[in-house]
Structure formats: structure tokens, C-alpha cells
Undergrad: 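Got a structure for you, written out below as C-alpha cells; questions coming shortly.
Note on naming: letters A, B, ... go to the chains in the order of the sequence lines (proteins, then strands), and numbering restarts at 1 for each one.
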Amino acid sequence: MKFSNLLIPTLKEAPNDATLPSHIYLIRGGFIQGVGSGLYNFLPLGKMVLDRVKNVVKEELDNAGAQEVSLGFVTPASLWVESGRFEKYGKELLRFKDRKENDFVLGPTHEEMMVNLVKQTVKSYKQLPLNLYQINLKFRDEIRPRFGLMRGREFLMKDGYSFHANEEDMKREFALMEETYKRIFTRLGLDFRVVEADSGAIGGTGSKEFMVLADSGEDTIVVCKNCKYGANIEAAKSMPYVCKDEPPVAAFAKFSTPNIKTIDELSSFFKVNPYYIIKTVAKKALYDEGKEEIVLFFLRGSDELQETKALNSLNANDLIDINSDELEQIGLEAGFLGPLNLPNNIKTVFDNSLNSATNMICGANEKDYHYVGVDLKLDKDTIIDDIISVKEGDKCIHCGGSLYYTKGIEVGHIFQLGTRYSEPLRAEFLDENGKSKPFVMGTYGIGVSRLLAAIIEQHHDEKGCIWTKESSPFDICVIVSNIKDEKQSEIAFKIYNGLKEKNINALIDDRNERFGFKMKDYELIGIPYAVIIGKKVEEGIVELISRDGQVAREVNISNIIEMVADIV
RNA sequence: CGGAGUGUAGCGCAGUCUGGUAGCGCACCUGGUUUGGGACCAGGGGGUCGAAGGUUCGAGUCCUUUCACUCCGACCA
């Protein structure tokens, strides 16, 4: 392609709302164009990269035996009501009515549609297993779209769904998809980790996320220094912590603690490790059909509440903060909350670490008083669960190694769904014995447009993008230093045509611009290699450079095509 | 949702306090000079000043309403 014919609107300045390198460079390089909050147009270069990435995904999935389909973007709401997600999915689901006042949703993911498709066409175990996927637009009305392609509202996603006669076969496919995903991200040149994850609104168990390691990642992941364990903070587990400090042994008593409210204040007031103080976190939990209730979460003062785990312990849809006024209305005193003497009908959840805890200090549910010498005896009806965050330095549950935090960009997520959708949607097949059974399912997602952002987050410098081999819009760029110099121009086109004959995807910068201008554009756009045709053509020499700065050498014109063919 | 802020040319911004001809840089068009690190000279095009209403002889500027976008927050018992 000739640069002069392509629409590549590079910019010197980025819109000031772009903060991440990927966002800035994708816009400045003329790959994408913002059109609204979380909405982007793909310009020619962006579309080329998107297609290349999409192609890697498609090739590997087809290789693994999956089949591509394309489902309708607009989904009748009735399917979502049946699966129970019309309520559960929350405000991210864009709902609207057609002219006949029927409800529809814009698909944020397509379990319902795919189950429906298979339900109508697959009747026998002989037709299983089946793995169907699509690479299509999705829409999620995010609370706060940001960071360009990283968290848009409209985005390109590959979503795959597998259908099996039994659990074992689903697990086999799940493992196959894990391997396939690893191949995809490796081909794209990404440094990533596979981690254990929370299943969120999709549901199911045993899910894994594929995290591209980058400081700008929105997810915190917990990684073991010693073994291969890695998990999203929302799902991470560690060995129970044992406090070395002495417990504050005391007889049970009410203690005056005027205006002593926070864990820090209590810790210095009683001169004890926060480990021995019960922290109480009050939240309002929201459920289906607008039901809500106030819930008190109890944990050790040395721990922090992990909201996703807390949410899962209740099976609620969302947790929101409440203020001290709302607490007072139900007879609770902020700053002096505790598990004893609570008004009736208050829902409580205890962290595992508090089960049978002794010699604790906690709020007395009365202004300016705490209890000391508290021994917790939790009855069977109480919810006791893991609701705390793993901290850096905690011990790994697998090997005892030290755990640390790092940041990741979630580019893939695979789930073992089981019969979470097939049962409510009554998607069944006949097994060998002629018995009707729900499909056992898996579901597998890849954020295709997000991958572009992830690649740039990991591969850029202060000058611009550095695309990886399988993601770059072109293999090489031929830069003509001075297009008006006939000799340079002639040689450049000769090389360009020679490259094309070898099926090398080359771009030639034939614009009537100064050398520096073209170099800046080349560096911003980030094609992995360039051949520069400059003054030394008179001596039969051109220059071969790599965008990442590893290679810069003078090459004889007669050798250049072979040399390029070798490296790209 | 809570808090803060911003809407003026394709992009980045000034002008708003104190009402009086719509500005600057980049980009774009024409001509010329230039051609190894975002050139220079000369000329030029482009604006319902987010939208609606009001005050005024006169509104980008003051008042009211509204829309859009951005940032921050969601660990406090």
C-alpha cells in the first residue's frame, strides 16, 4: 500500500482525556477515532490490526475444532428473563423496546442465544460435543467507560460456548481451550498469566482468567513467588494467618471507649494487634426484584473486606455503601458495631478466621462502649465464609511461598458453566439410554478489541506503538527520504514491488514530506521494520531498521529483499 | 450514584471576572523555496462559541433550564 493513498490521520497532540499509552498512541497513530463515551470508530490502520488479531484467534480456535457462527446482536428480552439474568445483569445490560413495545437487549454476551440455537438443533448425544463461537460486537453500558479500547461500551469480543454430554467431557474441552488461549496470546507476543478467577454475572465454577501483565491493568492479581499459583484478588486464597503477638486475655466485660471508633484508634487504645479486634463492615445488599437488606460483615481488624467474595457469600447482585444515618434508623451506632446484642433480623456474615476466635475485642452496639474478652461461638445457621482480601506477603495455599500483587489486563476468561443455563432454558438432549438430560456447558471469551490496547500497553516507547509480528498492520515500511529525488524514488519502488512479489505486506511512505516528519509517523504507527532509502542509494546502500531499536544496519540494495524476507 | 470540572475551527487552547468586529498554535488549501529527524516565506479557507429560553440597543461573556463529556470516590464502623 502507498502511504499517500491511505487514510492515516496522525496527530501531534492527543485529546486530553487520553491518559494511557495505548489510548494516546492508538488515537495519535490514526488507528481509532473516539465518537462518544466508550465508543470508537476503527480507521483503516486500526481495522487492519483488528483483522490480524481476529485472524489469529480464529485460526487457533478452528484448529482446536471450534466452529464459527454469527448470532443476532439484538436479543429478545424473553430469553434473558428465562435464564434469570434480565434482573441479575444490572444496569450494564442495555434494554429497549421496539415499535410494538416488546423488550429487547443488546447482547453483552450470548449464552442465552447460543443455548437457544443448540436447543433447537441438537437432540442427541451423538451430536456432541460441540464448540461454537463468534467474533462479534458486544455492548455493555459500563459505569465508567475509560482508557480507550481497554474499557469501551461497544467492543469486539470472541465468545465461545461448548456443549457436552457429561462433566468430564466439558472439563476436557475446558483444558483444551486453556491451551488454545495460551497459543493465541503467545502468538500475539504477549506476556501473560493464567489465574484463578471469580465467575461474576456469568455464573458457574472453576473459571480462569488470562491476564496480560501491565502496570496500567485494572485488575489486581495475586501471584506466588515460588510456584505457578496466580489468582485474581477477587478469588485469591492464602493460608490462614497466625498472629505472633499475645492475645489480650481478659474476662468478658463492657469497656468504656469514649470516641474511640476506628481499628487504629482501638489498637492503640488497648495496645493490641488489630488481629484481635473484630472489624465490622456494614453494606446494603441488593437482590432480584428490588429486594434489599443491610448486612454486617465481621472480620479481623488486620484484614480487609473483599467485596466480590462478600457478594458471593450472600448470592446478592450488588453491595452498596450505607451511611451512619441509615445505621441509626435500625438502632446501630457507627464506630461501635459488633456481633453481640444486635437487633433482630440483621443479616450477618463472619469471615472464616473468626470461627471459634477467642479473646477478641469488638463494638458493643452502644455509643462509646466496646466489649473485651469476647469468645465467638458461631452456630450452624450463621454464614461463615472467606470474605477477606489476600495481602501481600501472605503464604501460598499450595506451596507456602510468599504472595505478591501485580496488575493485569483481563484479555480472556474461560468458565465451566455446567447446567447453569441449559437447565433454566430447558436445553436438553437424549443420552445413550434415551433419557433427557441438560447440556453440560463451558463458555470462553476473548476481548479482541481490548487485545489491541493490551498489546500496546506492553509494547510501546515514548515515541509510539511497537506492534508485535502477528498484530502489525504491515510487515515493513519502505521510507523514501526524498520522494523528489528520482533515484531514491525509483529504487524505493523497486524494493517495494520486490517485497510484494514475495508476499510481504509492505507499506511505502511516498509522501512529499521531509525525512523527519516521515520518521516520526513511522515510529508513532509502530510497524516492526523499515527500509530507509536515502542519500546512500548512490553507493547502492539502503538502511534496515527495527522499530524496537535492536537493528540498524546498512544493506546492499541487491540483498535487501532477501534480508527482509528472512526477518519478517 | 455522590463529589469536582469542562464544552469556543478537525486537534490542543486563549477570550467569559469587567457585555461592544471571533482569536492563537497545529492540521488543511494555493504559490514558491526546502528534503536524514515533526522546515520556511507569502496568500487563503474553515465557527449555529454544546442546546433552549431570558435580561440588554447589543450576549462567547450575565441569569435560568437542559444535554454531553471528563476526572475523583466506592475500606468506614
Undergrad: Parallel under 30°, tilted from 30 to 60°, perpendicular over 60°: which one fits the rings of A:His460 and A:Tyr25?
TA: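 A:His460 and A:Tyr25: tilted rings.
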Undergrad: When you check the phosphate oxygens OP1 and OP2 of B:A68, does a side-chain N or O of A:Ser37 lie under 4.0 Å from one of them?
TA: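 Checking A:Ser37 against B:A68: no side-chain N or O falls below 4.0 Å of OP1 or OP2.
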Undergrad: Check A:Val223, A:Asn232, A:Ile409 against A:Met211 for a side chain to side chain contact (heavy atoms under 4.5 Å, CB included) and give me the one that passes.
TA: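 Output: one option passes, namely A:Asn232.
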Undergrad: Mind checking the C1' distance from B:C17 to B:C63? Whole angstroms is fine.
TA: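 Each nucleotide's C1' atom is 16 Å from the other's.
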Undergrad: Could you tell me the separation between the CZ atom of A:Phe297 and the C1' atom of B:A74, rounded to a whole number of Å?
TA: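 Nearest whole value for this atom pair: 14 Å.
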Undergrad: Honestly, is A:Lys254 close enough over A:Tyr369, meaning NZ or CZ under 6.0 Å from the six-membered ring centre and within 45° of the axis?
TA: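 Satisfied, under 6.0 Å and within 45°.
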Undergrad: With a non-hydrogen cut-off below 4.0 angstrom, is A:Thr19 in contact with a base, only sugar-phosphate, or nothing?
TA: nothing
Undergrad: Mind checking the C1' distance from B:U48 to B:U8? Whole angstroms is fine.
TA: 12 Å
Undergrad: Output yes when a side-chain donor or acceptor of A:Lys463 lies under 3.5 Å from a complementary backbone atom of A:Lys520, and no otherwise.
TA: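 Checking the backbone N and O of A:Lys520 against the side chain of A:Lys463, no donor-acceptor pair under 3.5 Å is found.
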Undergrad: Nearest heavy atom decides the nucleotide; on that basis, is A:Leu266 or A:Gly36 closer to the 5' end of RNA chain B?
TA: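 The residue closer to the strand's 5' end, by nearest nucleotide, is A:Gly36.
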Undergrad: How many angstroms lie between atom NZ of A:Lys494 and atom CD1 of A:Ile560, to the nearest 0.5 angstrom?
TA: 14.5 Å
Undergrad: Are there over 12 heavy-atom neighbours, none belonging to A:Asn5, within less than 6.0 Å of that residue's CG?
TA: yes
Undergrad: Taking only residues two or more places apart in sequence, or in another chain, which ones meet A:Lys97 in a side-chain contact (heavy atoms from CB on, under 4.5 Å)?
TA: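 Partners of A:Lys97 by the side-chain contact (heavy atoms from CB on, under 4.5 Å) criterion, ordered by chain and then number, come out as A:Glu101, A:Asp103.
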Undergrad: Could a donor-acceptor pair under 3.5 angstrom be found where the side chain of A:Arg511 meets the base of B:G38?
TA: no
Undergrad: What does the B/S/- profile of nucleotides 25-37 of chain B look like, 5' to 3', with a 4.0 Å heavy-atom cutoff to protein?
TA: B--------BBBB
Undergrad: Output the rounded distance in Å from CD (A:Glu307) to C1' (B:G73).
TA: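 A:Glu307 atom CD is separated from B:G73 atom C1' by 12 Å.
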Undergrad: Categorize A:Ile263 for me: base, sugar-phosphate, or nothing, with a 4.0 angstrom heavy-atom threshold over every strand shown.
TA: sugar-phosphate
Undergrad: Is A:Asp521 touching bases, backbone alone, or none of the nucleic acid, heavy atoms closer than 4.0 Å?
TA: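 Here A:Asp521 touches the bases of the nucleic acid.
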Undergrad: Taking a pair as Watson-Crick or G-U wobble with both distances under 3.5 Å, which nucleotide is matched to B:U55?
TA: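 Checking every strand shown, B:U55 finds no partner, since no pair has both distances under 3.5 Å.
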Undergrad: When the C1' atoms of B:C26 and B:G38 are compared, how many Å lie between them, rounded to an integer?
TA: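 Nearest-Å result for B:G38 against B:C26 at atom C1': 11 Å.
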Undergrad: If you assign A:Pro145 and A:Val281 each to the RNA chain B nucleotide with the nearest heavy atom, which residue ends up on the more 5' nucleotide?
TA: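 The residue whose closest nucleotide sits nearer the 5' end is A:Pro145.
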Undergrad: Is the CD atom of A:Glu539 crowded by more than 12 outside heavy atoms at less than 6.0 Å?
TA: yes
Undergrad: Between B:A9 and B:U55, how far apart are the C1' atoms? Round to whole Å, please.
TA: 30 Å
Undergrad: Pick base, sugar-phosphate or nothing for A:Lys518, based on heavy-atom distances below 4.0 Å to the nucleic acid.
TA: nothing
Undergrad: Using whole Å, what does the distance between atom P of nucleotide B:C69 and atom NE2 of A:His23 come to?
TA: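 Computing the A:His23:NE2 to B:C69:P distance gives 14 Å.
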Undergrad: Take a 6.0 Å sphere around NZ of A:Lys487 and say whether it holds more than 12 heavy atoms from other residues, nucleotides or ligands.
TA: no
Undergrad: Which whole number of Å gives the distance between the P atom of B:G15 and that of B:A4?
TA: 23 Å
Undergrad: One pair to check against side-chain contact (heavy atoms from CB on, under 4.5 Å): A:Thr348 and A:Val295. What are the steps and the verdict?
TA: CA-CA 6 Å; A:Thr348 58; A:Val295 184; over 6 Å; no
Undergrad: Can you tell me, in whole Å, how much space there is between the P of B:G7 and that of B:G50?
TA: 8 Å
Undergrad: Please confirm whether A:Arg95 makes a cation-pi placement over A:Phe86, using NZ or CZ under 6.0 Å from the six-membered ring centre and within 45° of the ring normal.
TA: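 Yes.
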Undergrad: Work out how far the C1' atom of B:G60 is from that of B:G19, and round it to whole angstrom.
TA: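 Approximately 10 Å lies between the C1' atom of B:G60 and that of B:G19.
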Undergrad: What string of B, S and - do you get for nucleotides 40-48 of chain B 5' to 3' if you count protein non-hydrogen atoms under 4.0 Å?
TA: ---------
Undergrad: By the 4.0 Å heavy-atom rule, please label A:Ile260 as base, sugar-phosphate, or nothing.
TA: nothing
Undergrad: Give A:Lys283 one of three labels, base, sugar-phosphate or nothing, depending on what nucleic acid heavy atoms sit under 4.0 Å from its own.
TA: base
Undergrad: Can you tell me how far P in B:U61 sits from the matching atom in B:C49, rounded to whole Å?
TA: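 Roughly 9 Å separates the two P atoms.
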